[in-house]
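Lettering of chains follows the sequences in order, A, B, ..., and the numbering in each one begins at 1.
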2 protein chains.
Amino acid sequence: MENLTSGELEVMSVLWKHGSMKPAEIQKYFPRPIKNAALRSILLILLEKGHVRREKVGKAFYYTSKTPPQNEFLSRIRRLAKTFFQGSPSNLVAQIIRNEKLSEQDISELKKIVEEKARKLSKGDK
Amino acid sequence: MENLTSGELEVMSVLWKHGSMKPAEIQKYFPRPIKNAALRSILLILLEKGHVRREKVGKAFYYTSKTPPQNEFLSRIRRLAKTFFQGSPSNLVAQIIRNEKLSEQDISELKKIVEEKARKLSKGDK
DNA sequence: CCCAATGTGTGGAAGATTCCACACATACAT
DNA sequence: ATGTATGTGTGGAATCTTCCACACATTGGG
C-alpha cells in the first residue's frame, strides 16, 4: 500500500467527501474535467493497491474508500515536517499559525485544542 | 513557475539547507544515492522553471535557490487544507495537534505562538 | 606541456502516471 | 424483443519525470 499519486488522491478525496459512488458520479464531483475512461483507470489502480473496494449494484460498480483520510493526511504532514522542519511537527504548526490568516474564532478554538492537548499530556500521556 | 516534482523538491531542500553548491556537493547531501548526471538534469529543469540560478566559479556552476522554502511550504499546506479541510488552515492545524506527539515544551511554545497571533489580530490585524 | 581529475552538454532510455478510443455487455422502458 | 442509456474491459498512446552513458572541455600540478 504505497503512496497515492496526485490523480489517485483526487479520486480518494471525492470518495472521502461523498461516500460510495459509481464512476459516472465520481466524475461529476471531480475537481477538474476528466474522461470517464481515464477516471476508471485510476479506480482500477486504487483497487489493486487496496485503497478502495467495489461492489456491483445493478450493472455498475460502486467504489468505496477502505482507508480514512486521516492516515493519508498525517503521512503527508510528516513528510513535509521532515522536509521543511527536520521532522518537528510543532515547528511546522507554528509556521502555519504565524503565516496563515486566522479569524478570532479560529484562534480561540486553537487555544482550546492546545489546552486540551496539554491536559492529556500531563495526565496519562498517550 | 509551476509546482515542484518530488525530485525537484529534494534538490531544493538541499539548497535551502546548505546554500549555494555545485552538483557534486549537492550530490553528497542528497537524501538518497543519485548519479551526478541525473542530478544535473533536475538542476537544469529547476533552472528553466526559474527556481534556481547558477553562476560559474572556476569550471563549475554553483546553484542557488531563488525562492525561500516558506513559499513552497505554504503552498503545499494550502493544497492539503483544500483537499482535507475545505480550505481551512486552522482545522488542519487542529488535526495535527490532536494527532501528533508533542512534548510539554512544544505545547508551551505553541501556546505562546497562538497568544502572539491573537495579539496581532486584535491590534492592527495584518 | 601533458595528464588526471573534475565538470559540462547532449540525446535519448526507462519508468511512472495519466489518458482515452473502441468493442462488447447489461438493464429496462416501450 | 429490441433499442437506447449506461457501464465495463482492454490495450495502448501520450505525457511527465527521472535516469544515465558518452563525448568533449577546463583546471591545476608535476
**Study point:** A:Leu39 or A:Gly58, whichever maps to the more 5' nucleotide of DNA chain C
**Key:**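 The 5'-side residue here is A:Leu39.
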
Check your understanding: Toward the 5' end of DNA chain C, which comes first, B:Tyr62 or A:Phe30, by nearest nucleotide?
Key ->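 The residue closer to the strand's 5' end, by nearest nucleotide, is B:Tyr62.
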
Check your understanding: With distance as the sole test, does A:Glu25 use its side chain to make a donor-acceptor pair with the main-chain N or O of A:Lys22 at under 3.5 Å?
Key ->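 Yes.
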
Check your understanding: Taking O4'-C1'-N9-C4 for purines and O4'-C1'-N1-C2 for pyrimidines, is D:dA13 syn (within 90° of 0) or anti?
Key ->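 What D:dA13 shows is an anti base, its glycosidic angle lying more than 90° from 0.
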
Point to revise | Complementary nucleotide of D:dA5, counting Watson-Crick and G-U pairs under 3.5 Å | key: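 D:dA5 is unpaired by these criteria.
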
**Study point:** C:dT26 - base-pair partner by Watson-Crick or wobble geometry, distances under 3.5 Å
**Key:**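 Paired with C:dT26, as far as the under-3.5 Å criterion goes, is no nucleotide at all.
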
Atom-to-atom span, [atom1] of [X] to [atom2] of [N] - whole angstrom:
X       : N      : atom1 : atom2 : result
B:Arg40 : D:dC19 : CZ    : C1'   : 12 Å
B:Leu9  : D:dT18 : CG    : P     : 10 Å
B:Lys59 : D:dG29 : NZ    : P     : 12 Å

Point to revise | Heavy-atom closest contact (B:Val52 atom, B:Leu43 atom, distance) | key: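 Shortest heavy-atom contact: CG2-O, 4.2 Å.
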
**Study point:** Heavy-atom pair with the smallest gap, counting every atom of A:Ser90 and B:Leu102
**Key:**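 Shortest heavy-atom separation between A:Ser90 and B:Leu102 comes out as CB-CD2, 3.9 Å.
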
Check your understanding: Thinking salt bridges, do B:Glu8 and B:Lys49 make one under a 4.0 Å N-O criterion?
Key ->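 Salt bridge present between B:Glu8 and B:Lys49.
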
Review point. So does B:Arg119 pair up with B:Glu115, basic N to acidic O under 4.0 Å?
Key: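 Looking at B:Glu115 together with B:Arg119, the answer is no, because their closest N to O distance does not fall below 4.0 Å.
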
Practice item. Indicate if B:Leu47 and B:Ile45 have the same hydrophobic cluster label, given that clusters are the connected sets of ILVMFWY residues with side-chain heavy-atom separations under 4.5 angstrom. Key: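 Not linked; separate clusters.
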
Review point. Going hydrophobic residue to hydrophobic residue with side-chain gaps under 4.5 angstrom, can you get from A:Tyr62 over to A:Val14?
Key: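 No, A:Tyr62 and A:Val14 fall in different hydrophobic clusters.
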
Check your understanding: Which nucleotide span of DNA chain C, 5' end to 3' end, has atoms closer than 4.0 Å to non-hydrogen atoms of chain B?
Key ->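 Going 5' to 3' along DNA chain C, contacts run C:dA5 to C:dG9.
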
Point to revise | Geometric class of the A:Phe84/B:Trp16 ring pair [parallel <30°, tilted 30-60°, perpendicular >60°] | key: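 Correct class here is tilted.
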
**Study point:** Other residues, nucleotides, ligands: >12 heavy atoms within 6.0 Å of B:Lys28 NZ
**Key:**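 Count not over threshold, so no.
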
Point to revise | Residues touching DNA chain D, which here means a heavy atom under 4.0 Å, drawn from residues 13-25 of chain A | key: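 Nucleic-acid contacts, sorted: A:Lys22, A:Pro23, A:Ala24.
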
Please classify the nucleic acid contact of [X] as base, sugar-phosphate, or nothing, using heavy-atom distances under 4.0 Å.
X       : answer
A:Thr5  : sugar-phosphate
A:Ile34 : sugar-phosphate
B:Ala37 : base

Check your understanding: Between B:Lys35 and A:Asn36, which is nearer to the 5' end of DNA chain D once each is assigned its nearest nucleotide?
Key ->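 That would be A:Asn36.
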
